[in-house]
Amino acid sequence: MYDFKQIEKKWRNYWKENKTFKAINGSDKEPYYILVEFPYPSGSGLHVGHVRSYTAQDAIARMKRMQGYNVLYPMGWDAFGAPAEQYAIKNHIHPKDAVRENIKTFKGQMETLGFSFDWDREFSTTDPEYYKWTQWQFLQFYKHNMAYKEKVPVNWCPTCKSVLSNEDAAGGVCERCGSSVVQKEKSQWMLRMSDYSEDLLTGLDDTNFAERVKLGQINWIGKSIGAEVNFKIEGHDKKFTVFTTRCDTLFGATYCVLAPEHEYVLEITTPEKQEEVKEYIKKCSTKNEMERTELNKEKTGVFTGAYAINPVNNDKIPIYISDYVLASYGTGAIMAVPAHDDRDYEFAKKYGIPIIQVLEEEIGKKEANEEKQKEIIAIIHNPETDKYLTIKKNDKRTFIDGTRKDDESALNCALRKIQEKTGYNDLKLIGEDFKINNHYYDKDTDKYINAETTPILFELQSERTTNKDLNNEEISIKWLTLKEIEKEIKDELHKKSFEYVLDPAAMTGDGTHINSEFLNGKNKEDAINTMISWLEENNCGKKKVNYKMRDWIFSRQRFWGEPIPMIDCPKCGWVPMNEEDLPLLLPDIAEYEPTENGESPLANITEWVNCKCPKCGHDAKRETDTMPNWAGSSWYFLRFMDPHNDKEFVGMDAMKYWNRVDWYNGGMEHTARHLLYARFWVQFLYNIGLVPKKEMIWTRVSHGMILGSNGEKMSKSKGNVVNPDDVVNEFGADALRIYEMFIGDYTQDASWSTDSLRGCKRFIDKIFRLKDKVIEGDNYTKELENLIHKTIKKVENDLQTMSYNTAVSSLMILVNNFEEQKEITKADYKVLLTLLNPIAPHFTEELNEQLGFSPICEGKWPTYDEEKTIDKTKDIAVQVNGKVRGTITINVDDEEDIIKEKAMQEDNVKRHIEGKDIIKVIVIKGKIVNIVVK
RNA sequence: GCUCAUAUGGCGGAAUUGGUAGACGCGAUAGACUCAAAAUCUAUUUUUCUUACGAAAGUCUCGGUUCAAGUCCGAGUAUGAGCACCA
């Protein structure tokens, strides 16, 4: 019927020859910048996942152009990185040659898919003309004291002799050789990203990122507001400081913990404990991160023999060391409040450290004149039957409860009450749990009660009882299973108590303070503020904000990255290269091996390493570390605005013209880190006056993955990889594009289905066949006019809201309606082709040309008339008591009375209301009628 | 463990502010065309009952709000992703 390969090739060439998609800096048209993440050109070629997001953004770009915007839709290559380096080492070629080949493949694939990139702006991060400016920007970081060198632990594979990224060392195992990864200290270049924590947080307000993207950023930054508290050490002059978000629980602190790496550890450890502590530290340092987390399923630690003084009550509390405290967060030391922190609770239980409750959960409503009482709730478990004892109280089922007499302990009260009610006396105490603060009204005494209630759990040892009649009406004992208790115990206090004793855990929620002197009676928030003021007044602490986000480790011990333009001079120390000497090129050799000691392969290339100090001229050595992959991608979107500038990294005029990236799309896996690095980079450039805005990216959305047909991630080993070239070959680029837009919700993962793809191909065939029905005519066919206007509106809206799948489906509906007609006009047909063009650009252009029109890509987007999208008549449902009993046809301007009348006349409706009282009739204009009868 | 997301026919998925659940596509079944197949066209396709008109149930489970709930509220379950002792 038609040769899609010929057609696609023809239009590909047309766009290329005419430079149809060239974006012009400074044009009068309104600028619109659409961006997709530039790919890493791997050896395996383009993935069908790339096709999804590139097509989606391409559709928007093409529509926006027709709507009169000057659209910038660029493409480039993020081509530094480990895989190319590995490949090159193995095959003794220069990575740039491997990369050049891969780029060629990728670009060819992109062209056959018909993406409307402005190829005149193409560049690779590995181009010296580009990485010159990445290096230049590093020097700006350095000059503004934002880059520094520091020793940090890195993942080290002893077999590959190479430093690994966290991703490559996932699970504590080297991804390449499978040997286990160890930690090694190395001096690394760092960027002071943590200085920007707050700015990166507040900057989100100036963006239009999707909520989940913002959330990813917020979580990564990990802001927490708390306090630092200073603890004196008994018998030492020194103090140590802890960070806590819960300084309100200070009265409940029963021990402190220092990280094994904390600087005071050995100093404060008592002589008899030295050996034990040293051994523990050694054990921790040899563990790699994986082992450490694995072992941490159970907490370990040792007592140092030293004691800290709790500043609020001068209590002596033991100091432990444990690797559950991280040296790298906060101050590397904590105060432990086992009653109100899960980790501390676990540790205290294991080592028998006291647990002091300082916060009570509240139940019920507080009243003004309350009488204070102490009460208990006794829960008895029968291990024989695995049931729990309940009694009847005011016609409801509860556990045994009771009020403590003066000086009576909770335990004695519970035993007394059990004896009174049931006569059981062979009981084993399992445990008391945290007290609950209960407010209620007592009918018998006409008083409001505030009861501090202690839940206690017993185990029944034998059925021995002094009570003869356990089943009498009054108490009505029942043993219930867990499930029955869930259903039958309604009282909140009893429910809570049961939860507490069943699964003893730290109480981490809000409540009322007890055992806390000046905090007693206050809630969490109030108490935190009071405590902070107290700490500040008494000079033993202060308010403090902490962030999880650390500084950016900017060094990589690799060959294939941007060389860091720094020189180590024996006289002057670290000296930056002169800017006019940039770029610092990578050496042009194809033979290099990683070094024995984990330095970059560059370290072996002496003629490259040796140089003169730019400051004093003395013999010096270059930095051999290179930059991380994230560096080049942190500013590439700016370079696209002015890609060939050899005077500046980007001209200010260009940035001011394009303003910002209007719409940035990428994978979910990059939404946290890449975006954070890029925003940090831009904010820094803004602060030194090099970019015009603090946030240069406006909207960021993330697409879902394309999974294999078995619902799993595509991978060679699983054999479920779909190669886009094969698909294009068999079905054509247009079919693939339509299919990937139709596959489902764009932000959601979707599984590949070749059957569904065939359906999309069939859709194209249908449109070709429609051409036989086309007759001359500049107006829409009367019967179709309404639907056409609606469809224009729908497609336009859907593309703007990323509802690509429903955009396609509405066009399918339009085609189905066209098919029902004997003939359609050229105008009808042309609007269909235009609306589908952004998604399937090749064949729509071809058919359009066959009608004798000028190219769609140079034309205008159709407009719709709001008036004409509104239906004159409408079928609406009539419900009786909420169930649909029939439909009626109404005119849109029908009054309520008329609609009501029509509804009542409907046959099936009549049947359902016959002989019944009509209570009311609800008429929602244009939507539904509901008749309520009795 | 924590955080987030998701849950709708045989399948992928639709469903504006709560207002006819299952659009559109796939698959399946039957029929037309054909020597035959493919392609195409027509019809049916949530389940159950009914010859039919129609009725009952139905959007993970339980409970609630409402004339009306896939949609809102509360409690849970399952799956997936990310973080992983962040004090």
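Order of the sequence lines fixes the chain letters, A, B, ..., with proteins taken first and strands second; residue numbering starts at 1 for each chain.
With distances taken from any side-chain atom of V325(A) to the nucleotides A15(B), U20(B), A87(B), the minimum falls on A87(B). With distances taken from any side-chain atom of T244(A) to the nucleotides G25(B), G27(B), A87(B), the minimum falls on A87(B). The side chain of I928(A) lies closest to G19(B), out of A87(B), G19(B), U3(B). Among the nucleotides A23(B), A87(B), G25(B), the one closest to any side-chain atom of I334(A) is A87(B). The side chain of E819(A) has C41(B) as its nearest neighbour among G27(B), C41(B), U20(B). Looking at the side chain of Y329(A), the nearest of the listed nucleotides A23(B), A87(B), C41(B) is A87(B). Taking every side-chain heavy atom of L215(A) into account, C4(B) is the closest of C24(B), C26(B), C4(B). Listed nucleotides U40(B), C26(B), C24(B) differ in distance to I813(A); the shortest reach to its side chain belongs to C24(B).
In this structure, the CE atom of M741(A) is 16 Å from the C1' atom of C24(B), given to the nearest Å. Atom P of nucleotide A5(B) and atom CE of M705(A) are separated by 17 Å, given to the nearest angstrom. Note: CG (D755(A)) to C1' (G10(B)) measures 13 Å, nearest angstrom. Atom C1' of nucleotide C24(B) and atom OH of Y804(A) are separated by 19 Å, given to the nearest angstrom. Between the CD atom of Q800(A) and the C1' atom of U16(B) there is a distance of 16 Å, rounded to whole Å. Atom pair R212(A):CZ and C83(B):P shows a separation of 15 Å (rounding to whole Å applied). The nearest whole Å value for the distance from the CD1 atom in I218(A) to the P atom in C83(B) is 17 Å.
Ionic pairing of R758(A) and D755(A) is present here: one or more N-O contacts between side-chain nitrogen and carboxylate oxygen are shorter than 4.0 angstrom. Checked for salt-bridge contact, K790(A) and D871(A) meet the test: a charged N lies under 4.0 Å from a carboxylate O. Looking at E819(A) and K773(A), no side-chain N of the basic residue comes within less than 4.0 Å of a carboxylate O on the acidic one, giving no salt bridge.
When the side-chain nitrogen and oxygen atoms of Y324(A) are compared with OP1 and OP2 of A87(B), none of them lie within a distance under 4.0 Å. Side-chain nitrogen and oxygen atoms of N805(A) include at least one within less than 4.0 Å of the OP1 or OP2 phosphate oxygen of A14(B). The side chain of N797(A) places no N or O atom within less than 4.0 Å of a non-bridging phosphate oxygen (OP1 or OP2) of U16(B). The phosphate of A87(B) has OP1 or OP2 within less than 4.0 Å of a side-chain N or O from S224(A). The phosphate of A39(B) has neither OP1 nor OP2 within less than 4.0 Å of any side-chain N or O from R762(A).
If you take atom P in U44(B) and the same atom in A37(B), they sit 24 Å apart, rounded to whole Å. Nucleotides A14(B) and U79(B), compared at atom P, are 23 Å apart to the nearest Å. Nucleotides C11(B) and U47(B) are separated by 11 Å at their P atoms, to the nearest Å. Taking the C1' atom of each, C33(B) and C41(B) are spaced 8 Å apart, rounded to whole Å. Nucleotides G27(B) and G13(B) are separated by 14 Å at their C1' atoms, to the nearest Å. A56(B) and C60(B) have their P atoms separated by 22 Å, given to the nearest Å. Taking atom P on both U3(B) and A68(B), the two are 35 Å apart, rounded to the nearest angstrom. Spacing between U66(B) and U45(B) at atom P, rounded to whole Å, works out to 37 Å.
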Which atoms of nucleotides 62-67 of chain B (N or O only) lie under 3.5 Å from a protein N or O atom, and what are those distances?
unit_1, atom_1, unit_2, atom_2, d
C67(B), O2', N930(A), ND2, 3.1
C67(B), O2, N930(A), ND2, 2.7

Under the side chain to side chain contact (heavy atoms under 4.5 Å, CB included) rule, what do L836(A) and I767(A) come out as? Steps first, then yes or no, please.
CA-CA 11 Å; L836(A) 186 55; I767(A) 295 173; 3.6 Å; yes
The test is ring pair (Phe, Tyr, Trp, His ring centres under 6.0 Å); show your working for Y2(A) and F768(A) and say whether it passes.
CA-CA 8 Å; Y2(A) 62 96; F768(A) 266 94; 3.7 Å; yes
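No engagement by G222(A) is indicated, since no non-hydrogen atom pair under 4.0 Å with the nucleic acid exists. Counting any heavy atom pair closer than 4.0 Å across all strands shown, D344(A) reaches no nucleic acid atom. Nucleic acid contact class of N546(A) (heavy atoms, under 4.0 Å, all strands): none. D342(A) comes within 4.0 angstrom of nothing in the nucleic acid, heavy atoms only. Heavy atoms of S753(A) sit nowhere under 4.0 angstrom from any nucleic acid atom.
Side-chain contact between P260(A) and V265(A): absent, with no pair of heavy atoms (C-beta onward) separated by less than 4.5 Å. Side-chain contact between R885(A) and I931(A) is absent, with no heavy atoms from C-beta onward closer than 4.5 Å. Using a 4.5 Å heavy-atom threshold, the side chains of I706(A) and V722(A) count as separate. Within the 4.5 Å cutoff, side-chain heavy atoms of M335(A) are placed close to those of T249(A).
Y255(A) and Y320(A) have perpendicular rings, their planes meeting at more than 60° on a 0 to 90° scale where under 30° would count as parallel. The aromatic rings of Y324(A) and F347(A) lie tilted to each other, with the angle between the two planes from 30° to 60°. Ring geometry, Y746(A) versus Y804(A): the interplanar angle exceeds 60°, so the pair is classed perpendicular (tilted spans 30 to 60°).
Shown here, A7(B) forms a base pair with U77(B); the pair counts as Watson-Crick or G-U wobble because both key distances fall under 3.5 Å. In this entry U42(B) has A30(B) as its Watson-Crick or G-U wobble partner, both defining distances falling under 3.5 Å.
Between N219(A) and Y746(A), the residue anchored closer to the 5' end of RNA chain B is N219(A), taking for each the nucleotide with the nearest heavy atom. Toward the 5′ end of RNA chain B lies the nearest nucleotide of V929(A), the other residue of the pair V929(A) and A333(A) mapping further downstream.
Taking the O4'-C1'-N9-C4 or O4'-C1'-N1-C2 dihedral as appropriate, G27(B) has a value more than 90° from 0 and is therefore anti.
Listed by chain and residue number, E785(A) satisfy the side chain to side chain donor-acceptor pair (under 3.5 Å) test with K868(A) (two or more places apart in sequence, or in another chain).
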Per-nucleotide protein contact along nucleotides 42-56 of chain B, 5' to 3', at a 4.0 Å heavy-atom cut-off (B base, S sugar-phosphate only, - neither), is ------------SSS
